[in-house]
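A short worksheet on the structure shown next.
If you're wondering where the values come from, they're calculated on a predicted model, not measured in any experiment. Just so you know, ligand 1 is whichever comes first in the structure, and atom 1 is the first atom listed for that ligand.
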Amino acid sequence: MSHELRTPLNAIIGFSEIMTGALFGTLGDPRYLQYAQDIMSSGGHLLSIINSVLDLAKTQSETLTIEAEPVPLREVLSECGRMVREQCTRGRLALTIGGDPAETVVMGDFGRLRQIFLNLLSNAIKFSPEGGSITVDIAPGTNGFVTVSVADTGIGMRPEGIPIALAPFGQIDSRLARRYEGTGLGLPLAKAFIEAHQGRLEIETEIGQGTAVIVILPIATPAQIRPGPDYLPVLSLASAASA
Ligand SMILES: Nc1ncnc2c1ncn2[C@@H]1O[C@H](COP(=O)(O)OP(=O)(O)O)[C@@H](O)[C@H]1O
Ligand SMILES: [Mg+2]
């Protein structure tokens with residue numbers, strides 16, 4: 001299924017990219033260049049929607065797999081910060097990503113963790129008017145979990161809006177002339193990815209005041225980070241048993 005959807009799109013994106021770059025000569029009328037650019041950016045947009053819908057199908061059929069390895073939380077967050085900083089500047093939003101003196105390491109899938117925080121950051125940006133601020137904080141882990149909050153000073157939500165926001169395709173303002181773009185998949189996917197990491201997502205929000213999305217993730221144990229001597233015998237025992 002995914003192959004059937006992605007292959008034609010890759011042709012659309014790839015060939016429009018070649019045309020945009022005029023790789024085999026100029027396009028003639030300048031309007032063709034504009035069209036090629038539009039095809040390329042629309043194709044990219046469509047591909048990201050298709051990827052989200054396919055991810056949603058995976059979470060709903062419980063075929064979503066997480067390739068867990070030790071991941072330093074700071075690395076994920078600073079990469080996300082680099083990816084959205086430009087967008088924040090354009091939206092006149094101050095972005096602050098707090099430090100992590102504890103150097104927290106979680107067991108997770110780097111790409112999925114990045115997707116979680118990108119989805120949350122893109123909402124914080126989209127739903128915050130100019131002059132606002134977005135703050136990402138890592139709270140020191142208690143009883144094996146770390147808490148990361150992505151907080152904004154944006155439009156906020158009413159309590160009854162929260163379940164709508166968390167539902168697939170759910171958007172609180174569903175009027176035809178909706179002010180904000182999107183498909184309503186960012187938050188439910190973030191929640192599903194967090195739960196696939198044995199974590200939890202919580203929302204604290206107040207209409208007109210802002211929103212904080214709290215991500216609670218299990219911290220990797222020392223044995224998971226550095227499989228030591230007490231880890232290896234378990235492995236050899238298992239292989240001995242299965243031999
Ligand atoms: N930080 C936020 N501030 C205010 N509303 C939010 C925030 N994040 C999510 N929402 C609400 O939840 C809805 C669903 O979010 P999401 O699943 O990411 O979809 P999308 O961003 O495509 O609309 C949004 O349309 C919006 O109404
Ligand atoms: Mg979103």
Does any N/O atom on G156 come nearer than 3.5 Å to any N/O atom on ligand 1? no
Is there a side-chain contact between L95 and V84 (heavy atoms, below 4.5 Å)? yes
How many angstroms lie between OG1 in T183 and CD in Q171, if you round to the nearest 0.5 Å? 7.0 Å
With heavy-atom distances below 4.0 Å as the criterion, list the atoms of ligand 1 near K126. 20 (P), 21 (O), 22 (O), 23 (O)
For ligand 1, which atoms have a heavy atom of G170 less than 4.0 angstrom away? 13 (C), 14 (C)
Looking only at protein heavy atoms, what sits closest to atom 9 (C) of ligand 1 is N123 ND2, 3.6 Å
Let me confirm one number: the CG-NZ distance from L93 to K126, rounded to the nearest 0.5 Å. 13.5 Å
Distance-only side-chain donor-acceptor flag, E86 / T89, under 3.5 Å: no
Which distance, rounded to the nearest 0.5 Å, do you find between the CD1 of I39 and the OG1 of T20? 8.0 Å
Under 4.0 Å from a heavy atom of P188: which atoms of ligand 1 are those, numbered in the order shown and with their elements? 17 (O)
CZ of R85 to CD1 of I97: how many Å apart, nearest 0.5 Å? 6.0 Å
Charged N to carboxylate O below 4.0 Å: is that the case for D55 and R112? yes
Among all the protein's non-hydrogen atoms, which is closest to atom 1 (N) of ligand 1, and how far away is it? D152 OD2, 2.8 Å
Can you sort out which atoms of ligand 1 are near M157, meaning under 4.0 Å from one of its heavy atoms? 5 (N), 6 (C), 7 (C), 10 (N)
Atom 12 (O) of ligand 1: the protein heavy-atom neighbour that sits closest, reported with distance to 0.1 Å: A165 CB, 3.1 Å
Could you identify the single nearest non-hydrogen protein atom to atom 25 (O) of ligand 1 and state the distance to 0.1 Å? R178 NH2, 2.5 Å
May I ask you to test the I203-L187 pair for a side-chain heavy-atom distance under 4.5 Å? yes
Run L217 and F145 through side-chain contact (heavy atoms from CB on, under 4.5 Å) and show every step you take. CA-CA 5 Å; L217 290 169; F145 287 85; 5.8 Å; no
Using a strict 4.0 Å threshold on nitrogen-to-oxygen distance, state whether E195 and R200 make a salt bridge. no
Looking at L185, which atoms of ligand 1 are within less than 4.0 Å of one of its heavy atoms? 17 (O), 19 (O)
Contact partition for L120 relative to ligand 1, non-hydrogen atoms under 4.0 Å: neither
Separation between CD of Q115 and SG of C80, rounded to the nearest 0.5 Å: 10.0 Å
Side-chain touch S133/T96, heavy atoms, less than 4.5 angstrom: no
re atom 4 (C) of ligand 1, the protein heavy-atom contact at minimum distance is F127 CB, 3.6 Å
Just jot down the ligand 1 atoms closer than 4.0 angstrom to any heavy atom of Q171, in number order. 20 (P), 22 (O), 23 (O), 25 (O)
Please could you name the atoms of ligand 1 that T183 approaches to less than 4.0 Å, counting only its heavy atoms? 22 (O)
Nearest-0.5 Å distance that lies between atom CD1 in I125 and atom CZ in R90: 9.0 Å
Per-atom filter on ligand 1: closer than 4.0 angstrom to a heavy atom of G182 are 22 (O)
Any idea which protein heavy atom is nearest atom 16 (P) of ligand 1, and the distance to it? L187 N, 3.5 Å
Any N or O of I172 closer than 3.5 Å to N or O of ligand 1: yes
Go through it in stages, so that I can follow the logic: the residues are D109 and V71, the test is side-chain contact (heavy atoms from CB on, under 4.5 Å), and I'd like the CA-CA distance, side-chain angles, deciding distance and then a yes or no. CA-CA 8 Å; D109 180 322; V71 177; over 6 Å; no
For ligand 1, does T211 get within less than 4.0 Å through its side chain, its backbone, both, or neither, judged by non-hydrogen atoms? side chain
Ignoring water, what protein N, O or S atoms are under 2.8 Å from the Mg ion (ligand 2)? N123 OD1
Side-chain contact, heavy-atom cut-off 4.5 Å: M19 with L27? yes
Nearest-contact summary for atom 19 (O) of ligand 1 - protein heavy atom, Å: G184 CA, 3.0 Å
